[in-house]
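What follows is a short report on a single structure.
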Amino acid sequence: MLYVIGLGLADEKDITVKGLEAVKGSTRVYLESYTSILMVPVEKLESFYGKKVVIADREMVETEADEMLKGADLEDVAFLVSLINSVSCEFEQFRFLRLL
């Protein structure tokens with residue numbers, strides 16, 4: 001399953017408990033990095049979440065979405081965004097919900 005997880009605005013601890021559980025249970029974790037800037041280095045996220053976090057810039061999201069979604073019907077994948085409301089307008093190319 002693909003999880004789109006809002007991180008809040010400030011630091012690694014703004015994630016919800018359910019969001020943190022989804023991140024910890026995911027085999028891959030991506031961080032959207034072009035519609036807003038999180039106020040914490042990715043290394044702090046990785047340390048707190050216990051997972052490698054792949055930075056997903058605009059080019060990656062727009063041209064490698066299929067690769068990012070690959071296997072999301074069989075394993076958990078997390079896509080982290082700093083503002084959850086940006087998902088509805090920024091990521092239409094992720095018509096991935098048909099996978100779920």
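Reckoned from all heavy atoms, side chains included, excluding hydrogens, waters and symmetry mates. Here, residue 1 is the first one in the sequence, and each next residue gets the next number.
- No side-chain heavy atom of Ile5 sits under 4.5 Å from any side-chain heavy atom of Phe79.
- For Ile15 against Gly19, the heavy-atom pair with the smallest separation is CD1-C, 3.5 Å.
- A distance of 11.0 Å separates OG of Ser33 from CZ of Arg58, quoted to the nearest 0.5 Å.
- Every pair passing side-chain hydrogen bond (donor to acceptor under 3.5 Å, both in side chains) that includes a residue from residues 5-27 is listed here, sequence neighbours excluded: Thr27-Glu75.
- Between Met68 and Val77 the shortest heavy-atom distance is O-CG1, 4.0 Å.
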Under 3.5 Å, side-chain donor or acceptor atoms of residues 37-47 against the rest of the protein: list the pairs with distances, not counting sequence neighbours.
{"residue": "Glu46", "atom": "OE2", "partner": "Val53", "partner atom": "N", "Å": "2.9"}

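- Residues passing the side-chain hydrogen bond (donor to acceptor under 3.5 Å, both in side chains) test with Tyr30 are Arg28, sequence neighbours excluded.
- Tested against Leu80, the residues Val4, Leu7, Val54 include a single side-chain contact (heavy atoms from CB on, under 4.5 Å) partner, Leu7.
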Exercise for review: Kindly indicate, with the supporting measurements, whether the criterion side chain to side chain contact (heavy atoms under 4.5 Å, CB included) is fulfilled by Asp76 and Tyr3.
Suggested key: CA-CA 7 Å; Asp76 291 339; Tyr3 292 96; 3.7 Å; yes
